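As the structure is a computational prediction, the values presented were derived from the model and not from experiment.
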Amino acid sequence: MRFHVLAFEDELDLEDPDLHCNPLATFDSCKLFISIFDVKASVNGLLFLHPMSSIATDYYICNPITREYIEFPFEPRLFDIYFYETVNYGFGVSKVTGQYKVVRIVDVMKPICHIYTLGTGKTLGKGKWRRIDPGPPLGKNNQSTGAFLNGCLHWFVEDFTGSNLISCFDLETETFSTFSHPPLPMFKKFQVLVALGDYLCICDNRDEHEIAFWMMKEYGNDESWTKEFVIGKTPELVSDYGQSNGIVYPIKIFKDGHVLMTWEQRAGSSMFYYSNKTKATTEFDACDVFGTDGFSIPVEALLYTPSFLSLKSFRNEYVTDFSYF
């Protein structure tokens with residue numbers, strides 16, 4: 001599996017395709033000794049990688065710019081193979097102490113929450129997860145990676161009455177709280193929760209004709225949810241039965257209001273631009289950027305901010321260098 005790091009200008013010029021992006025780096029997962037994995041999250045230049053293999057025993061944190069990675073173990077009592085749809089993840093950094101933490105929540109009969117803090121491993125061994133008091137049940141949630149914003153991770157949850165809420169996990173205090181979602185029916189199958197710029201955002205894919213983007217304009221204020229903009233669905237985003245064909249994830253909103261997003265479906269994913277000027281969407285030309293000689297390839301994408309943060313700065317972790325770029 002090959003990964004490409006692309007650099008975009010903050011003001012996206014949709015009139016000139018040559019200015020869309022520039023290749024920054026490339027790395028191959030075989031150099032990490034795993035062939036297929038899911039990139040769960042990105043924080044300050046670090047990628048949280050989840051191997052998609054029944055024989056894997058470790059997670060990875062990787063910096064493709066410094067060409068370093070570390071391994072840390074699965075929680076042995078909670079393997080994904082048994083609880084596929086009930087495992088939820090998050091990766092972020094605390095606001096005060098600057099600790100990088102991976103959060104893993106399993107919801108079977110009741111929620112169970114474990115945390116791995118980078119830098120607590122053993123140089124010649126592997127670190128351990130800590131178990132903490134869980135928050136409200138997350139339930140079966142396919143959109144399983146917490147949105148990182150303001151030093152906290154966020155997921156859709158349900159309380160004991162079945163009401164839909166948003167769970168907020170403070171990485172500094174390691175405590176859970178909740179707040180309300182926008183005034184719209186919640187169908188988590190067609191809605192995603194992401195951090196878009198400086199705002200918490202819900203992308204609502206339910207409607208037959210449009211995709212609505214709701215933003216929390218004042219963090220933590222339930223009354224500040226605003227329907228910021230609406231994108232009309234192009235034919236490929238709608239099935240023959242008038243239902244949503246896959247899920248749209250916003251990745252980045254640019255200064256001029258343009259939006260870069262992915263459209264994820266069973267057959268793979270594609271990338272699209274939304275022009276705030278023309279109100280139209282344009283597919284990202286992956287063949288040209290990735291050099292696939294005209295062959296269409298599935299694309300998975302997330303926002304990544306490059307950094308030279310060395311994993312060697314996390315004491316007590318065994319860091320491995322990889323050379324292929």
K252 NZ/CZ over F254 ring centroid, <6.0 Å and within 45° of normal:
yes
Which heavy atom in C201 sits nearest to a heavy atom in F213, and how many Å separate them?
SG-CD2, 4.2 Å
Exercise: identify the closest heavy-atom pair between E317 and T120
OE2-N, 3.5 Å
Aromatic ring pairing H154/Y219, orientation class (parallel under 30°, perpendicular over 60°, tilted between)
perpendicular
Mind checking the OG1-OH spacing from T281 to Y273? Nearest 0.5 Å is all I need.
12.5 Å
Taking the six-membered ring of Y199, is the NZ or CZ of K217 close enough (under 6.0 Å from the centre) and on axis enough (within 45°)?
yes
For the pair S313 and S310, evaluate side-chain hydrogen bond (donor to acceptor under 3.5 Å, both in side chains) and give the outcome as yes or no after the intermediate values.
CA-CA 6 Å; S313 64; S310 174; 5.6 Å; no
Within a reach of under 6.0 Å around NZ of K227, are more than 12 heavy atoms found that belong to other residues, nucleotides or ligands?
no
Note, I132 side chain near F169 side chain (heavy atom, < 4.5 Å)
yes
Please determine whether ring-ring contact (aromatic ring centres under 6.0 Å, His included) holds for the pair Y274 and H258, giving the CA-CA distance in whole Å, both sets of side-chain angles, and the decisive distance to 0.1 Å.
CA-CA 5 Å; Y274 167 73; H258 299 323; 7.7 Å; no
So do S177 and D170 actually touch side chain to side chain, heavy atoms under 4.5 Å?
no
What one should report as the nearest heavy-atom pair of T66 and S307 is CG2-O, 4.3 Å
Evaluate the side-chain proximity of Q99 to V93: yes if any heavy-atom separation is below 4.5 Å, no if none is.
no
Is the ring pair Y100/F314 parallel, tilted or perpendicular, if the boundaries are 30 and 60 degrees?
perpendicular
Can you tell me if N221 has over 12 outside heavy atoms packed within less than 6.0 Å of its CG?
yes
Any idea how F72 and Y59 line up, ring-wise: parallel (<30°), tilted (30 to 60°), or perpendicular (>60°)?
tilted
Would you please classify the geometry between the W129 ring and the H114 ring as parallel, tilted or perpendicular, with 30° and 60° separating the classes?
perpendicular
With heavy-atom distances below 4.5 Å as the criterion, would you say the side chains of I105 and W155 are in contact?
yes
Starting from the C-alpha separation in whole Å, work towards a yes-or-no answer on side-chain hydrogen bond (donor to acceptor under 3.5 Å, both in side chains) for T226 and E228.
CA-CA 6 Å; T226 304; E228 193 71 7; 5.2 Å; no
Using a 4.5 Å cut-off on heavy atoms from C-beta on, say whether the side chain of L118 contacts that of I70.
yes
Just by modelled atom types, is the E172 backbone N or O under 3.5 Å from a matching donor or acceptor in the S94 side chain?
no
Please assess T262 against I251 for the test side chain to side chain contact (heavy atoms under 4.5 Å, CB included), listing each intermediate value before the final yes or no.
CA-CA 7 Å; T262 61; I251 298 176; 3.3 Å; yes
Distance col, row N150:CG vs L153:CG, nearest 0.5 angstrom, shows 11.5 Å
Under a 4.5 Å cut-off applied to non-hydrogen side-chain atoms, are F48 and K40 in contact?
yes
